[in-house]
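Working notes for the structure below.
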Amino acid sequence: MKDTLRDLSQYRLVQRLGVPRIPVLRRYAPGQPLLDGPALVGAVGKGGLVDDVRALLAEAGVAEAGEEGKVAAAVLDATAARTLDDLAAAREFLTPAVRRLAPSGRLVLLGPVGSADDVEAAAVAQAFEGLVRSAGKEVRAGATANLLVVAPDAGADALASTLRFFLSGRSAFVSGQVVRVGAPVGPVEPGDPAQPLAGRIVVVTGAARGIGEAIADTLHRDGATIVAVDVPAAGDALARVANRTGGTALQLDITAPDAPARLLAHLRERHGRVDVVVHNAGITRDKLLANMDADRWNAVLAVNLRSQLAINQALLADADLLGDSARIVCISSMSGIAGNRGQTNYAASKAGVIGMVRALAPQLAGRGATINAVAPGFIETAMTAKMPLATREAGRRVNSLRQGGLPVDVAEAVGWLAQAATAGVTGQAVRVDGQNMLGA
Ligand code: NAD
């Protein structure tokens, strides 16, 4: 769906009428450099990761910024911060850094985990969340601000794929997020940043259109072979996606009682294993709770949550189908975090997905696997195009980037979490919503 207001707001004449310019976001395209300009790098105290950050940037061909001029990114290693004086030192770095941030610039803070027996350190660790979430609302022209809380035992290798994601155009619609990077669940193979999913077999449910189709295309662009799953009625579109992504199509209603068994049989027979499962298929059947009937309730819970539980259970029960460094990514929704009028069924299902992810993470860690949720906000799809104009406009503008996201923005986040190299992020929900004002 065209964002006419954003397009018009690029013209001076329209800006003179008082319409603020809505930024055109820098999105990833193959061959694009990690950043379009130099990066400012700093540390609070000893900052144990600052040399690794510099090495990662140098390897990506990013120059370190001098004393003046615009910067494409500012990265502060505040993992050593323990005191309010350390917090003040972070502010000293950030104030001039934010002034120098170029359009679509990236502010990435590496924060401490805090400590149970040091109250000031715990307060300071949490303070960074408030700081970064506020900075996300202040930075302009498509810039973003995110906090990566890095555990002492995470190691620089486990941080690399996440840091790259948040610096790159792949995270165009992700801002104000707090992501915890912990000890990796298995060995971290650095891989090729341009083809981070090379050789991976990836199942995508609901792949025939919308966000699922974008996930299939984007993960295939990054090297994956796609197993595209959707209902038989979407068969033609599904076949086109499978052909395009060098994979196979499976016509399957994921709510059918034999769906997990059929999916696992398809994977075993056609591919021999599965590396990544993306639970994307989802439906809405909106009604106020006062008028909610069992059919609407059950239909939404069946597609959005029950099917994911059943498929995950079957995968875990299977001794050898999940490949090494397996990744499960579940599509949740901002509604599941913030709630939404008329969506008690949908929000329950999407919040349930986040609960499932948290509970399964420790079980999967023992197998070197991770599970995470991606919670999209307002995304420009056929679903949101059908909204009445006023609702659509409101939905688009109530976030820090003042526009709707694209299906590819959700897909890029899925791609980051699907990488074998992203072994230190698990049990989390990451919002792709331009830092929507609703919810946390
Ligand atoms: P969509 O309706 O365009 O596509 C969903 C796909 O899932 C369709 O191809 C559909 O046939 C398939 N599907 C539905 N029921 C199925 C079943 N029982 N078995 C197999 N496939 C089934 O939706 P979308 O906008 O692309 O959304 C994709 C996901 O993102 C959903 O989980 C949705 O809840 C979530 N989401 C979307 C938005 C948004 O703004 N569009 C926001 C937040 C979350």
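Just follow the structure's listing: the first ligand is 1, and inside any ligand the first atom is 1.
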If you take all heavy atoms of Ser104 and Val24, which pair is closest and at what distance?
OG-O, 4.0 Å

With atoms numbered from 1 as shown, which atoms in ligand 1 lie under 4.0 angstrom from a non-hydrogen atom of Val303?
15 (N), 18 (N)

Using a 4.0 Å heavy-atom cut-off, say whether Ala281 meets ligand 1 through its side chain, its backbone, both or neither.
both

Going by distance alone, is a donor N or O of one side chain under 3.5 Å from an acceptor N or O of the other, for Ser307 and Thr255?
no

How far is atom 40 (O) of ligand 1 from its nearest protein heavy atom, and which residue and atom is that?
Ile379 N, 3.2 Å

Quick one about His271 and Thr225 (side-chain donor to acceptor, distance below 3.5 Å, no hydrogens or angles considered), yes or no?
no

Is Asp293 paired with Lys287 through a side-chain N to carboxylate O contact shorter than 4.0 Å?
no

With atoms numbered from 1 as shown, which atoms in ligand 1 lie under 4.0 angstrom from a non-hydrogen atom of Leu252?
19 (N), 20 (C)

For atom 43 (C) of ligand 1, which protein heavy atom lies nearest, and how many Å away is it?
Pro376 O, 3.4 Å

Residue Ser332 vicinity, atoms of ligand 1 by number, heavy atom under 4.0 Å
44 (C)

Ranked by distance from atom 5 (C) of ligand 1, the top protein heavy atom is Gly282 O, 3.9 Å

Going by the atom numbers of ligand 1, which of them fall below 4.0 Å from some non-hydrogen atom of Asp253?
17 (C), 18 (N), 19 (N)

Is at least one protein non-hydrogen atom found at under 4.0 angstrom from atom 23 (O) of ligand 1?
no

Any idea which atoms of ligand 1 are less than 4.0 Å away from a heavy-atom of Ile283?
14 (C), 15 (N)

Determine whether the side chains of His279 and Asn304 contain a donor N or O and an acceptor N or O closer than 3.5 Å.
no

Going by the order shown, which atoms of ligand 1 are within less than 4.0 Å of some heavy atom of Thr384?
40 (O)

So which bit of Ala382 gets within less than 4.0 Å of ligand 1, heavy atoms only: side chain, backbone, both or neither?
neither

Nearest protein heavy atom with distance in Å, relative to atom 42 (C) of ligand 1
Gly377 O, 3.2 Å

Any salt bridge between Asp409 and Arg27, counting N to O under 4.0 Å?
yes

Please determine whether a side-chain nitrogen of the Lys or Arg among Arg244 and Glu213 lies less than 4.0 Å from a carboxylate oxygen of the Asp or Glu.
yes

Atom indices of ligand 1 within 4.0 angstrom of Ser333 heavy atoms, with elements:
43 (C), 44 (C)

For atom 34 (O) of ligand 1, grab the closest protein heavy atom and report residue, atom and distance to one decimal in Å.
Tyr346 OH, 2.5 Å

May I ask you to decide whether Arg221 forms a salt bridge with Glu412, counting only side-chain N to carboxylate O separations under 4.0 Å?
yes

With atom 2 (O) of ligand 1 as the reference point, say which of Gln251, Arg431, Arg209 has the nearest heavy atom.
Arg209

For atom 30 (O) of ligand 1, grab the closest protein heavy atom and report residue, atom and distance to one decimal in Å.
Ile331 CG2, 3.4 Å

Do Arg268 and Asp320 sit within salt-bridge range, that is, some charged N less than 4.0 Å from a carboxylate O?
no

Nearest-neighbour protein heavy atom for atom 39 (C) of ligand 1, which is reported as residue plus atom name and distance
Met383 CE, 3.6 Å

Within the 4.5 Å heavy-atom criterion, are Val149 and Val178 side-chain neighbours or not?
yes

May I ask you to decide whether Glu129 forms a salt bridge with Arg180, counting only side-chain N to carboxylate O separations under 4.0 Å?
yes

Which ligand 1 atoms are under 4.0 Å away from a heavy-atom of Gly206?
6 (C), 7 (O), 12 (C)

Does a salt bridge link Arg397 with Asp3, judged by any charged N lying under 4.0 Å from a carboxylate O?
yes

Identify which of Ile211, Asn280, Val231, Val229 has a heavy atom lying nearest to atom 16 (C) of ligand 1.
Val231

Check Glu213 against ligand 1 and report side chain, backbone, both or neither, counting heavy atoms closer than 4.0 Å.
neither

At a 4.0 Å cut-off, with the gap strictly under it, does some heavy atom of Ser335 reach an atom of ligand 1?
no

For Asp275, is there an ion pair with Arg327 - N to carboxylate O distance below 4.0 angstrom?
no

Identify the protein heavy atom lying closest to atom 25 (O) of ligand 1, giving its residue, its atom name and the separation to 0.1 Å.
Thr381 OG1, 3.6 Å

Measure from atom 19 (N) of ligand 1 to every heavy atom in Thr205, Asn340, Asp230, Ile254 and give the option owning the shortest one.
Ile254

Going by atom types alone, do Gln343 and Asp286 pair a side-chain donor with an acceptor below 3.5 Å?
yes

